[in-house]
Number of protein chains: 2
Amino acid sequence: MSAPAGRKTWQAVQAAVRARISRRDWKPGALIPHEAELAQEFGCSRGTVNRALRGLAEDGLLERRRRAGTRVALNPQRRAAFAIPLIRDEIEGKGQQFAARILTREMRRPPPDVQARLRVAGAAPILWLETLYTADGAPYVFEARWINTHAVPRALDADFTVISPNEWLVREVPFDSGDFTVSAMAADGRSAAVLGCAEGAGLLVLDRRTQHGAQIITSVRLVFHPGYRMHTRS
Amino acid sequence: MSAPAGRKTWQAVQAAVRARISRRDWKPGALIPHEAELAQEFGCSRGTVNRALRGLAEDGLLERRRRAGTRVALNPQRRAAFAIPLIRDEIEGKGQQFAARILTREMRRPPPDVQARLRVAGAAPILWLETLYTADGAPYVFEARWINTHAVPRALDADFTVISPNEWLVREVPFDSGDFTVSAMAADGRSAAVLGCAEGAGLLVLDRRTQHGAQIITSVRLVFHPGYRMHTRS
DNA sequence: ATCATGTTTATGTATGCACATAATAGCGAG
DNA sequence: CTCGCTATTATGTGCATACATAAACATGAT
């Protein structure tokens with residue numbers, strides 16, 4: 001859009017509103033003019049203003065309610081989007097050599113907490129994989145994964161030395177949602193040995209669960225090398 | 001919208017497309033029909049389809065490019081939105097008693113890494129605060145904060161025993177953006193003492209930086225009690 | 001074959017209009 | 001005064017239309 005003099009695109013309106021909020025022309029909690037009014041002021045249609053404000057509301061900067069109008073959020077920044085690392089890309093993106101080594105692959109009966117997490121009944125053995133990912137040979141992240149082979153029997157025939165479990169699953173298995181949890185742990189003997197770090201080091205842990213409908217496909221725990229950081233990409 | 005028989009709302013279209021993707025009617029990497037075609041199929045206008053697909057693209061489920069069309073993302077779930085805890089709400093939301101205690105409040109010269117992080121020149125002392133937040137008296141999170149008093153001189157007069165530094169800043173100081181980093185550390189002597197945990201425990205660390213224009217207002221480090229978890233809220 | 005150019009096409013955005021919906025405000029009956 | 005209905009109003013959504021823009025594609029010159 002070539003931005004003719006007075007005419008505003010929704011991005012321009014959004015930027016203008018953002019500026020007013022951050023300049024405190026409109027203070028937290030205050031009601032701002034309604035869409036029609038802003039449309040007139042900015043010389044654009046109400047649709048354009050709506051688009052701009054909707055985006056700001058999604059970012060948590062505004063709170064909108066029908067009939068009640070739009071007000072500046074009292075407490076912005078309730079959420080932050082973190083980039084979920086795609087191990088291979090992350091390592092190769094730094095110009096380092098990516099490698100994956102499977103440490104364990106066996107059928108194992110999930111402990112009770114994993115049974116709950118995977119929503120599998122009883123203790124029938126399912127596929128258990130441990131993989132170490134390295135960057136230029138240095139341990140980068142240790143992955144421990146359960147694959148619900150009741151839901152994905154084909155996983156039993158996959159050759160994970162050729163394609164990583166994650167890449168195989170993404171490519172082969174339908175899924176529709178998932179959830180993440182971030183926590184921290186002190187390196188125990190095993191983690192320290194695998195990651196080649198001191199026992200007791202602080203390690204960032206990312207648990208990810210992937211599901212298709214009501215069924216849980218897989219549950220992974222990524223334990224990162226000491227010093228690893230995740231940050232907002234926005 | 002009362003959803004008359006054939007007529008679809010953008011949410012309905014979005015759900016239908018989501019279903020096709022997760023059912024793998026449209027496989028990862030595949031091109032999907034263009035907007036006009038889908039509009040005809042769903043019996044709605046192109047605008048409605050556009051709205052639906054735009055949302056899915058924002059979620060990372062689709063990749064869209066002008067002229068090239070829309071295809072199913074090869075690797076979805078590149079990002080996840082985490083709820084950034086508002087300590088007081090989080091604790092009170094669990095029905096526990098919130099309390100904050102200021103452990104340190106002094107002018108201090110920032111070490112070089114903090115100087116860089118705050119983009120302040122030289123080593124002129126700025127405000128340094130340490131606060132412990134408790135839930136039912138149990139240590140919950142330990143906050144260490146630098147406030148750039150060159151940018152916010154008023155902070156020198158604020159009484160943070162009445163209002164927490166975070167709440168004061170949110171209410172009093174304009175800002176427009178920020179960034180977050182998540183990492184892990186092993187509890188050192190001081191953290192262990194303050195949080196009442198064993199030395200060497202794995203602790204989740206959240207660093208947050210808040211800025212207004214080019215100026216950094218404040219930089220906070222939150223060190224959570226052992227076992228704390230952050231999870232996606234989406 | 002390579003490169004520059006123009007053409008085509010799918011998405012991106014703006015507009016005006018209409019109506020749906022939620023929620024407040026106001027009114028009247030009891 | 002309270003309860004419940006109605007009117008009002010700001011946002012939410014849908015549609016048809018028009019034009020902008022990016023990128024793939026085709027064409028033609030060198």
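A, B, ... follow the sequence lines: proteins, then strands. Residue 1 opens every chain. Only heavy atoms go into these numbers, but all of them, side chains included; no hydrogens, no water, no symmetry mates. Predicted model only: the values in this text are computed from it and were never measured.
What separates CZ of Arg64(B) from C1' of dA23(D) is a distance of 15 Å, to the nearest Å. In this entry the distance linking CD of Glu35(A) with P of dG16(C) reads 14 Å, nearest Å. A straight line from NE2 of His34(A) to C1' of dT11(D) spans 11 Å, rounded to a whole angstrom. The interatomic distance linking Gln40(A) (CD) with dT15(C) (C1') rounds to 16 Å, in whole Å. Atom CD in Gln14(A) sits roughly 11 Å away from atom P in dT13(C) (whole-Å rounding). Computed from coordinates, the Asn50(B) CG to dA20(D) P distance equals 18 Å when rounded to whole Å. Separating the CZ atom of Arg46(A) from the C1' atom of dT15(C) is a distance of 12 Å, rounded to the nearest angstrom. Put simply, NZ on Lys8(B) is 24 Å from P on dG12(D), counting in whole angstrom units.
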Counting only pairs under 3.5 Å, give me each side-chain donor-acceptor contact of residues 29-43 of chain B, with atom names and distances, residues two or more places apart or in other chains.
residue, atom, partner, partner atom, Å
Glu35(B), OE1, Arg46(B), NH1, 2.6
Glu35(B), OE2, Asn50(B), ND2, 2.9
Glu35(B), OE2, Arg64(B), NH1, 3.3
Glu35(B), OE2, Arg64(B), NH2, 2.7
Glu41(B), OE2, Arg20(B), NH1, 3.3
Glu41(B), OE2, Arg20(B), NH2, 2.5

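Note on Gln11(B): only backbone sugar-phosphate atoms sit closer than 4.0 angstrom, heavy atoms only; bases stay farther off. At the heavy-atom level, Arg51(A) lies under 4.0 Å from the strands shown only through sugar-phosphate atoms. Among the heavy atoms of the strands, none lies under 4.0 Å from Glu37(A). At the heavy-atom level, Gly47(A) lies nowhere under 4.0 Å from the strands shown.
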Which pairs, protein N/O on one side and nucleotides 23-25 of chain C N/O on the other, fall under 3.5 Å?
residue, atom, partner, partner atom, Å
dT24(C), OP1, Arg65(A), NH2, 2.6
dT24(C), O2, Arg67(A), NH1, 3.3

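With the nearest nucleotide of DNA chain D identified for both Thr48(B) and Gly69(A), Gly69(A) has the one nearer the 5' end.
Within the 4.5 Å cutoff, side-chain heavy atoms of Val49(B) are placed close to those of Cys44(B). At a threshold of 4.5 Å between non-hydrogen side-chain atoms, the residues Arg117(A) and Arg209(A) count as touching. Ile126(A) is not listed as a side-chain neighbour of Ile147(A), based on a closest heavy-atom distance of 4.5 Å or more. Side-chain contact between Trp146(B) and Thr218(B): absent, with no pair of heavy atoms (C-beta onward) separated by less than 4.5 Å.
For Gln97(B), the CD atom is loosely surrounded, since the number of other residues' heavy atoms within 6.0 Å does not exceed 12.
Distances shown here put every side-chain N or O of Thr70(B) at or beyond 4.0 Å from the OP1 or OP2 atom of dA10(C).
Asp159(B) meets the side chain to side chain contact (heavy atoms under 4.5 Å, CB included) test with Thr161(B), Val162(B); sequence neighbours excluded.
Relative to the side chain of Ser45(A), the nucleotides dT15(C), dT13(D), dA14(C) differ in distance, and dT15(C) lies closest.
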